[in-house]
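Have a look at the structure below, then the notes.
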Amino acid sequence: MAKLHLITYGCQMNEYDSERVAGLLRERQYELTDDETAADVILVNTCAIREKAEDKVFSKLGELKRLKAQRPGLVIGVMGCMAQLHQETIVRRAPQVDLVFGSPAIARVGELVERVQREGRTLVETREAPLVKITAKPASADRLKAFVTVMEGCEKHCTFCVVPRTRGRERSHPPEAIVAEVEQLVAGGCREVTLLGQTVNAYGRDLTPPTDLAELFARVNDVAGLSRIRFTTSNPYNLTPKLIAAMRDVPKVCEWFHLPLQSGSDRILERMNRGYTRAQYLDLIAALRDAEPALALSTDIIVGFPGETEADFAETVNMIERVGYDNVFVFRYSRRPGTPAAAMSDQVADEAKADRNRRLLEVVERVTGQRSARLAGRTMEVLVDGLSRRNPGELAGRTRCNRVVNFDGRGQVAVGDTVHVRVTDALPHSLRGTLATPEEAVCWSK
Ligand code: SAM
């Protein structure tokens with residue numbers, strides 16, 4: 001068999017796409033290798049969301065140039081968001097690259113690689129194409145937890161974001177195709193799926209007849225053998241009472257929700273074109289907590305967006321404290337070519353961004369630590385997914401609210417089991433616990 005090496009940068013959707021590519025090439029007799037020096041084909045799946053992600057790709061392509069010099073028959077491909085956005089720059093700056101293709105062309109990866117090998121010239125394939133559900137996957141993808149893309153693209157046009165240009169308009173997969181994929185995953189041992197979309201809560205609007213994420217939850221919930229459903233990423237703008245009710249009522253949907261805020265300042269939210277105010281966001285949080293008090297919340301924040309003052313930043317700090325998130329991802333604003341924010345005249349200096357990033361992380365550490373501390377003494381459902389990283393004599397798993405728990409399985413528990421664990425120590429980034437007695441398990445809290 002020929003050998004394929006995949007290098008994946010960026011979000012879960014890229015991880016998902018890389019697996020589809022590995023599956024499609026497996027059908028053409030390619031097997032995955034971790035060793036890039038042994039590969040016949042190397043594909044770099046790229047992210048364009050921030051400049052740093054792009055720099056990493058060009059530096060990796062520089063390394064691969066040496067490999068190509070030693071082995072001219074090697075095919076090097078660049079796929080994903082950077083391929084879609086910067087095809088010309090890639091071809092110019094990295095002539096060692098033989099193939100550049102965007103996500104619409106993933107379904108044709110086998111044919112594209114063959115063409116490069118046959119024709120011996122650089123191929124660029126970044127045209128729009130109909131959305132196809134690809135379920136091919138490598139053998140290594142049989143595991144407890146899997147991603148399932150339910151829709152592609154985004155039409156929100158946040159002024160900082162490059163995604164509408166890299167992933168195109170919103171297109172949803174039909175529910176039948178998604179359910180069939182989940183069934184196939186469960187047959188391979190999967191117990192937890194994360195439904196993916198750039199704006200996953202806009203799911204289904206474009207289908208005929210239209211549907212929505214709440215209805216999709218109900219259908220995925222019916223897949224026998226599946227234990228848990230997660231979904232990401234949601235946009236506050238599309239968060240409906242119907243979806244909040246479904247999060248409460250559909251049993252397999254976990255008590256974990258990622259809702260990007262981006263900024264706590266109304267002025268900045270407006271300049272970002274987010275479509276909501278801080279008061280509207282807080283109303284959503286209240287409705288969510290009212291529906292599901294055990295809900296864990298996480299968010300994304302951008303610091304140093306053009307025009308952000310210390311007063312705007314203070315409002316973001318205030319929101320983090322007020323909402324009391326369980327996890328926060330903080331990003332320094334990165335100027336993305338072609339986006340409206342890149343052209344704004346009042347860009348924030350790098351030092352100010354770095355300073356706000358550091359200060360916000362301190363707040364996040366304190367707030368998330370307090371949230372974690374609340375879990376001490378509780379008995380929680382844990383899906384065991386491997387050995388503890390710190391102590392391989394112990395097991396590790398995740399709660400429904402997405403916390404890592406390390407515990408001693410006392411030889412009674414195996415990977416893949418769902419057990420109840422009583423939390424003895426709530427550390428900032430993980431929990432420690434002991435197997436719950438049957439009495440404790442009866443009164444478990446999520
Ligand atoms: N579609 C989701 C939304 O906006 O609600 C988020 C998807 S995006 C792939 C993940 C995160 O990257 C965003 O939530 C945002 O915080 C961050 N991000 C996007 N563009 C950025 C930029 N130009 N600079 C810094 N961070 C950025």
Side-chain angles (χ1 to χ4, degrees), residues 8-17 45-56 80-82 84-86 103 147 149-170 194-203 213 231-239 243 257-265 268-269 271-276 280-281 284-285 297-308 313 316 319-320 325 327-344 347-348 350 352-354 356-357 360-361 364:
T8 306
Y9 296 100
C11 64
Q12 297 103 323
M13 207 167 261
N14 275 9
E15 282 180 44
Y16 178 87
D17 286 347
N45 195 355
T46 59
C47 168
I49 201 86
R50 284 171 290 275
E51 196 177 350
K52 220 162 127 191
E54 293 188 352
D55 292 346
K56 273 196 214 159
C81 292
M82 262 178 87
Q84 200 70 33
L85 200 64
H86 296 306
S103 44
F147 297 127
T149 292
V150 304
M151 65 180 295
E152 280 271 355
C154 183
E155 288 167 16
K156 290 286 162 304
H157 297 286
C158 300
T159 54
F160 52 79
C161 192
V162 86
V163 168
R165 289 181 63 208
T166 60
R167 294 268 179 178
R169 64 197 163 76
E170 289 170 3
T194 302
L195 309 178
L196 296 179
Q198 310 292 343
T199 306
V200 72
N201 55 331
Y203 172 78
L213 193 58
F231 60 104
T232 199
T233 296
S234 300
N235 191 302
Y237 185 77
N238 298 89
L239 184 53
L243 186 63
F257 189 43
H258 185 68
L259 190 63
L261 168 67
Q262 311 299 3
S263 170
S265 154
I268 297 296
L269 285 172
R271 296 191 88 189
M272 287 177 164
N273 193 32
R274 290 290 290 174
Y276 54 86
Q280 284 167 333
Y281 187 95
L284 290 174
I285 298 293
L297 280 161
S298 65
T299 199
D300 291 340
I301 298 288
I302 297 178
V303 291
F305 183 83
E308 185 189 70
F313 175 69
T316 299
M319 278 293 270
I320 303 285
Y325 291 101
N327 202 1
V328 182
F329 300 90
V330 182
F331 305 104
R332 296 175 209 192
Y333 169 70
S334 172
R335 208 168 174 176
R336 302 288 58 220
T339 57
M344 291 179 186
Q347 300 289 322
V348 172
D350 284 348
K353 284 184 204 169
R356 288 177 196 166
N357 186 65
L360 196 59
L361 287 177
V364 166

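Numbering of ligands and ligand atoms starts at 1, following listing order.
Considering only residues two or more places apart in sequence or on other chains, A53 meets the side chain to side chain contact (heavy atoms under 4.5 Å, CB included) condition with C47. The side chain to side chain donor-acceptor pair (under 3.5 Å) check on S234 picks up nothing, with sequence neighbours excluded. By the side chain to side chain donor-acceptor pair (under 3.5 Å) test, E152 is found to be paired with R167, residues two or more places apart in sequence or in another chain being considered.
When all heavy atoms of T299 and L261 are compared, the closest pair comes out as OG1-N, 2.8 Å.
K52 and D55 are not joined by a salt bridge, as no carboxylate oxygen comes within less than 4.0 angstrom of a charged side-chain nitrogen. Ion pairing of E51 with R332 is absent here, as no side-chain N (NZ or NE/NH1/NH2) approaches a carboxylate O to less than 4.0 Å.
For ligand 1, residues of the protein lying within 4.0 angstrom by heavy-atom distance are I49, R50, F160, Q198, T233, S234, N235, P260, Q262, R274, D300, I302, F331, R332, Y333, S334, R336.
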